[in-house]
Amino acid sequence: MHEMNLSIIDVALRRGAGSTGPPPGPAVTALADWDPSDLSTLYQDGAMTVPVTASGDPVGAVADKSGNGFHLTQSESARRPVYRTSGGLHWLEFDGSGQYLSRASFAVPDTISVGQAFEVLSTPHLNSFSYIFTGSGEKFARRAQVAGQFRGTFFNNGLSVASRSASEAPVDWIDGAPHVFADVLDAGAGAVVQRVDGVQGWSKSGYTGLSMSDYTLLVGVNDFIAHPIEMKLYGMTVWTNPAETQAAEAKLAARARMAI
């Protein structure tokens, strides 16, 4: 479809603000990787000129550690999440008021996996979104199923999958703990799989690929800049080799200081 310059995630943690950061995890070939524990990748402004230096600083940009240049940015100061650190943990905090980060023109291959380590603080909006890849008539995302709970529904609209959406087991994940979520779109296997904390929760056959390659990625809201989520985001990674799913989940879990 198109060429991509893939590289190994840089696991070395640089400016740690008094913390050594999470232990290094297994190597993963990332298409994109965003790591709030690495202060050298965080900036207060969307132009990436003012570094984040302390807990409570606004985050206007998160540099992509994969080397592929898929940086997340936010030009509006009122829409920026906040960097927080405590007890060796580092995260981006979204307050549910409409804070989000985005990346326009994201080249997406037919086989792609999206993983996030985050803790849901509340879901004040029905269908709160932790991320969405959206294009012309086609989108896929992870969202809450009902107001007051986050059941991790994988939503797809226009994809070549028999079901428009599917919900994992109805577990209330507003439990004061982080979780690792992974969505695997595998064109080679002809299936979409969603996983929680390293365990497969749902799968659907019939996936044959995407109808387009250029998407916009939004983190924290949906494609209408609505249905925000209140969460602590400990890390987010996009990879293209389904065989690396467990390694990617382990790396995200390490950033949230959890075991899976």
Side-chain angles (χ1 to χ4, degrees), residues 4-19 21-22 28 30-86 89-108 114-119 129-135 141-142 214-226 228-239 251-252 255-256:
M4 293 175 293
N5 180 25
L6 300 181
S7 63
I8 299 298
I9 292 177
D10 174 16
V11 299
L13 298 173
R14 297 184 282 267
R15 295 186 284 135
S19 170
V28 178
L31 178 59
D33 184 51
W34 305 283
D35 179 6
S37 72
D38 187 345
L39 273 181
S40 70
T41 67
L42 304 183
Y43 298 87
Q44 297 187 46
D45 61 324
M48 303 174 70
T49 61
V50 181
V52 167
T53 60
S55 185
D57 282 349
V59 178
V62 183
D64 173 17
K65 293 182 68 171
S66 76
N68 293 318
F70 292 118
H71 310 313
L72 296 174
T73 62
Q74 176 51 262
S75 60
E76 298 181 49
S77 59
R79 296 276 196 174
R80 292 169 183 161
V82 174
Y83 166 72
R84 301 284 188 193
T85 181
S86 178
L89 285 168
H90 307 261
W91 66 89
L92 304 182
E93 190 159 303
F94 297 73
D95 68 6
S97 68
Q99 297 172 336
Y100 71 98
L101 297 166
S102 66
R103 163 70 194 193
S105 192
F106 198 116
V108 176
V114 183
Q116 293 178 304
F118 65 92
E119 177 181 335
F129 281 70
S130 66
Y131 82 84
I132 185 168
F133 277 93
T134 179
R142 184 167 280 271
D214 195 30
Y215 289 78
T216 294
L217 169 62
L218 301 169
V219 178
V221 293
N222 69 4
D223 47 328
F224 299 104
I225 318 300
I229 189 170
E230 186 179 357
M231 68 174 174
K232 297 178 179 179
L233 180 64
Y234 298 98
M236 182 171 177
T237 303
V238 179
W239 64 100
K251 185 174 292 295
L252 289 167
R255 291 176 183 173

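We number each residue from 1, following the sequence as shown. Quick caveat, the model's predicted, so the values are computed rather than measured.
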Looking at CZ of F70 and CH2 of W34, how far apart are the two atoms once the value is rounded to the nearest 0.5 Å?
8.0 Å
Side chain to side chain, R255 and T237, heavy atoms closer than 4.5 Å
yes
Of the non-hydrogen atoms in P36 and L92, which two are nearest, and what is the gap between them?
CG-CG, 3.8 Å
I'd like to know if the side chain of E93 reaches the main chain of V82, judged simply by a donor and an acceptor atom lying under 3.5 Å from each other, with no hydrogens or angles considered.
no
Applying side-chain contact (heavy atoms from CB on, under 4.5 Å), run through R79 and I225 and close with a yes or a no.
CA-CA 10 Å; R79 296 276 196 174; I225 318 300; 3.6 Å; yes
For the atom pair OH (Y215) and CD1 (I132), what is the distance rounded to the nearest 0.5 Å?
11.0 Å
On a heavy-atom basis, the closest approach of A63 and Y43 is CB-CE1, 4.4 Å
D57 side-chain N/O to V52 backbone N/O, donor-acceptor pair under 3.5 Å:
no
Using a 4.5 Å cut-off on heavy atoms from C-beta on, say whether the side chain of M231 contacts that of V219.
yes
Would you check if R84 and S55 make a side-chain contact, meaning some heavy-atom pair closer than 4.5 Å?
yes
Euclidean distance, E119 CD relative to Y234 OH, rounded to 0.5 Å:
4.0 Å
Please round to the nearest 0.5 Å and tell me the distance separating atom CZ of R103 and atom CG of L72.
9.0 Å
Report the residues that fulfil side chain to side chain donor-acceptor pair (under 3.5 Å) with D95, sequence neighbours left out, ordered by chain and then residue number.
S97, Q99
Heavy-atom closest contact (P228 atom, G96 atom, distance)
CG-O, 3.1 Å
Where L218 and V221 come nearest, the two heavy atoms and their spacing
CB-O, 4.0 Å
Any side-chain heavy-atom pair of W91 and S86 under 4.5 Å
yes
Main-chain N/O of P51 paired with Q44 side-chain donor or acceptor, under 3.5 Å:
yes
Can you check whether Q116 reaches L233 side chain to side chain, under 4.5 Å on heavy atoms?
yes
Can you measure from CZ (F129) to CG (D223) and round to the nearest 0.5 angstrom?
6.5 Å
Could you please spell out the steps behind the side-chain contact (heavy atoms from CB on, under 4.5 Å) verdict for F133 and L217?
CA-CA 5 Å; F133 277 93; L217 169 62; 3.7 Å; yes
Do V62 and M236 come close enough that some side-chain heavy atom pair is under 4.5 Å?
no
Classify the ring geometry between Y83 and H90 as parallel (under 30°), tilted (30 to 60°) or perpendicular (over 60°).
parallel
Measure across T41 and D38 and return the closest heavy-atom pair with its distance rounded to 0.1 Å.
OG1-O, 2.7 Å
State which residues pass side chain to side chain donor-acceptor pair (under 3.5 Å) with D64; sequence neighbours excluded, sorted by chain then number.
S66
What one should report as the nearest heavy-atom pair of F94 and I229 is CB-O, 3.6 Å
Distance from R80 atom CZ to T73 atom OG1, nearest 0.5 Å?
9.5 Å
